[in-house]
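To keep things clear, I will list the structure first and then write my remarks on it.
Whatever order the structure lists them in is the order used to number ligands and atoms, beginning at 1. Computed from a predicted model, the values in this text were never measured in an experiment. Along the sequence shown, residues are numbered consecutively beginning with 1.
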Amino acid sequence: MTLLLLGGTAEARALALVLADLGRPAISSLAGRVSDPALPAGRVRIGGFGGPDGLRAFLAEQQVAAIVDATHPFAAQISRYAVVAAEAAGIPLLRLTRPGWTDHPQAAHWSWVKDEAEARRAAGAASRPFLTTGRQSLQSFLLPWTDRQVLVRVVDPPEFNLPPGWRLVRSRGPYGYQAERQLMTDHLADLLVSKDSGGSATSAKLDVAADLGIPVVMISRPEEPGSVPRVATVAEALAWCIRR
Ligand code: NAP
């Protein structure tokens, strides 16, 4: 009997490490989106399952007894599929998701939007935005912001060319305050666009934006299936795993 850990986050890697140290059988699953992923400890599989049916088949084949969905808060599809597959297989599912930034001291001053289209509208005429919403959302800004001086930060480069005025920075967090301040100052950023990813690894940009008076457009998290028990820390997830 083993545990399936849906990953792609620092929290998932931390949980995989503790489970491996304790000798508990677990398989970490990554989507395979990035070219050089930080690999979790223990057994790892990479790539989609083929929808909820594929995931269910995997659960049966590997005799999975429980699932921890520790995917990124914006990875909404795999989280929905995990609910369907866990229900069909009759096994327990836990959601491990770090708290968002709604409690950040500046949160009330940000423009909260529901998606990229709203983010573009909320951005108004900002001419030098710093776009940190990830590679998958770049497409939605490409045409409308062709003539703007956009600073884009991604882990892997997009598969299409960016407009000449765009500057691409490839890196992976965590990011510290000083480096973020330098980056945003050098670019003369007049707007920060972010997803409400939460956590401390990428939150320095929010403090810099506050200190430099740069407005923030924040994309809210997608809704999560309400019926799934949820914890916010690796320690709580570990306790749940051990109980099982
Ligand atoms: P998504 O839209 O929710 O999922 C799309 C498809 O990718 C799923 O249907 C599934 O394919 C596959 N998939 C996603 N996560 C998987 C996993 N952990 N193991 C195996 N297959 C997975 O996901 P996404 O937003 O593209 O994110 C992909 C991965 O990147 C996630 O694991 C997430 O934790 C990580 N990530 C995402 C973001 C973000 O902003 N979205 C940021 C940082 C890290 P099948 O239907 O074929 O099974």
Side-chain angles (χ1 to χ4, degrees), residues 2-16 19 26-62 64 66-86 88-89 93-98 100-101 113-116 119 131-141 152-156 158-159 170-175 193-203 205 217-225 228 230 232 234 237:
T2 196
L3 176 93
L4 176 63
L5 180 49
L6 298 171
T9 58
E11 290 78 6
R13 282 192 297 280
L15 182 56
L19 290 169
I27 305 172
S28 288
S29 176
L30 304 178
R33 288 279 182 281
V34 293
S35 56
D36 181 22
L39 288 178
R43 272 181 78 188
V44 180
R45 64 161 303 284
I46 299 180
F49 296 96
D53 292 342
L55 177 52
R56 191 182 167 189
F58 180 87
L59 299 176
E61 179 193 298
Q62 297 294 327
V64 172
I67 306 176
V68 175
D69 172 10
T71 56
H72 190 270
F74 281 80
Q77 181 163 296
I78 188 69
S79 293
R80 279 197 308 276
Y81 289 177
V83 173
V84 174
L93 167 68
L94 179 76
R95 177 78 170 120
L96 164 59
T97 185
R98 67 184 91 130
W101 288 320
V113 297
K114 77 169 185 339
D115 56 21
E116 284 82 356
L131 193 52
T132 63
T133 51
R135 181 170 52 125
Q136 291 184 71
S137 70
L138 279 188
Q139 221 26 294
S140 5
F141 294 93
V152 181
R153 181 164 63 201
V154 285
V155 177
D156 279 334
E159 282 142 8
R170 280 187 67 187
S171 64
R172 182 179 286 164
Y175 304 108
V193 187
S194 174
K195 288 175 177 170
D196 182 19
S197 299
S200 57
T202 60
S203 63
K205 62 188 175 186
V217 172
M218 185 66 71
I219 303 181
S220 299
R221 293 180 171 196
E223 256 185 51
E224 294 207 3
V228 179
R230 186 198 308 206
V234 172

Protein contact to atom 10 (C) of ligand 1 [nearest heavy atom, distance to 0.1 Å]: I78 CD1, 3.9 Å
Is it true that the side chains of D196 and S220 contain a donor and an acceptor less than 3.5 Å apart? no
The atoms of ligand 1 lying under 4.0 Å from a heavy atom of T71, numbered in the order shown, are 18 (N), 32 (O), 34 (O)
Distance filter under 4.0 Å to F74 heavy atoms, resulting ligand 1 atoms: 25 (O), 40 (O), 41 (N)
Return the closest protein heavy atom for atom 11 (O) of ligand 1 as residue, atom name and distance. G48 CA, 3.6 Å
Can you measure from OG (S28) to CG (L39) and round to the nearest 0.5 angstrom? 9.5 Å
When rounded to the nearest 0.5 angstrom, what is the spacing between OG1 in T9 and CG in L30? 9.5 Å
With heavy atoms only and a cut-off of under 4.0 Å, state how Q77 meets ligand 1: side chain, backbone, both or neither. both
Taking the side chain as everything from C-beta on, heavy atoms only, tell me whether I46 gets closer than 4.5 Å to V44. yes
For Y81, counting its heavy atoms only, list the atoms of ligand 1 lying under 4.0 Å from any of them. 9 (O), 46 (O)
Of all the heavy atoms in G7, does at least one lie under 4.0 Å from an atom in ligand 1? yes
Among the heavy atoms of S79, does any lie under 4.0 Å from an atom of ligand 1? no
Quick check on L55 - does any of its heavy atoms sit under 4.0 Å from an atom of ligand 1? no
For atom 48 (O) of ligand 1, grab the closest protein heavy atom and report residue, atom and distance to one decimal in Å. F49 N, 2.7 Å
Could you tell me whether a side-chain N or O of T132 sits under 3.5 Å from a main-chain N or O of V193, the two making a donor and an acceptor? yes
Can a non-hydrogen atom of K195 be found less than 4.0 Å from any atom of ligand 1? yes
for atom 39 (C) of ligand 1, nearest protein heavy atom and its distance come out as H72 ND1, 3.4 Å
Please identify which atoms of ligand 1 are closer than 4.0 Å to at least one heavy atom of R45. 20 (C)
Side chain R33, main chain G8, donor-acceptor under 3.5 Å: no
Would you mind running through ligand 1 and noting each atom that sits below 4.0 Å from a heavy atom of G8? 34 (O), 35 (C), 44 (C)
Among R172, R135, R33, E11, closest by any non-hydrogen atom to atom 26 (O) of ligand 1: R33
Q136: numbered ligand 1 atoms lying under 4.0 Å from its heavy atoms: 24 (P), 25 (O), 26 (O)
S29 and R45 side chains, donor-acceptor separation under 3.5 Å: yes
Under the side-chain hydrogen bond (donor to acceptor under 3.5 Å, both in side chains) test, residues paired with Q139 that sit two or more places apart: none
Counting non-hydrogen protein atoms only, what is the nearest one to atom 29 (C) of ligand 1? Give residue, atom name and distance. A31 CB, 3.7 Å
Out of S29, A85, A12, who is nearest to atom 18 (N) of ligand 1 when you count heavy atoms only? S29
S79 vs T71, side-chain contact (heavy atoms from CB on, under 4.5 Å): CA-CA, chis, key distance, verdict: CA-CA 7 Å; S79 293; T71 56; 3.4 Å; yes
What atoms in ligand 1 come closer than 4.0 Å to a heavy atom of G51? 45 (P), 46 (O), 47 (O), 48 (O)
Taking the side chain as every heavy atom from C-beta outward, state whether R230 and T97 have any pair of such atoms under 4.5 Å apart. yes
Considering heavy atoms of the protein only, find what lies nearest to atom 47 (O) of ligand 1 and give residue, atom and distance to 0.1 Å. G50 N, 2.9 Å
Under 3.5 Å, side chain of R95 to main-chain N/O of V228, donor-acceptor pair present? no
Would you say that V34 contacts R172 through its side chain, given a criterion of any heavy-atom pair below 4.5 Å between the two side chains? yes
May I ask you to test the I219-T133 pair for a side-chain heavy-atom distance under 4.5 Å? yes
Non-hydrogen atom of G134 closer than 4.0 Å to ligand 1: no
Would you kindly specify which portion of A76 sits under 4.0 Å from ligand 1, judged on non-hydrogen atoms: side chain, backbone, both or neither? backbone
Measure the distance from atom 23 (O) of ligand 1 to every protein heavy atom, then report the residue, atom name and distance (to 0.1 Å) of the closest one. A75 CB, 3.5 Å
Identify, with sequence neighbours excluded, every residue that meets side-chain contact (heavy atoms from CB on, under 4.5 Å) alongside S197. H72, R98, W101, K195
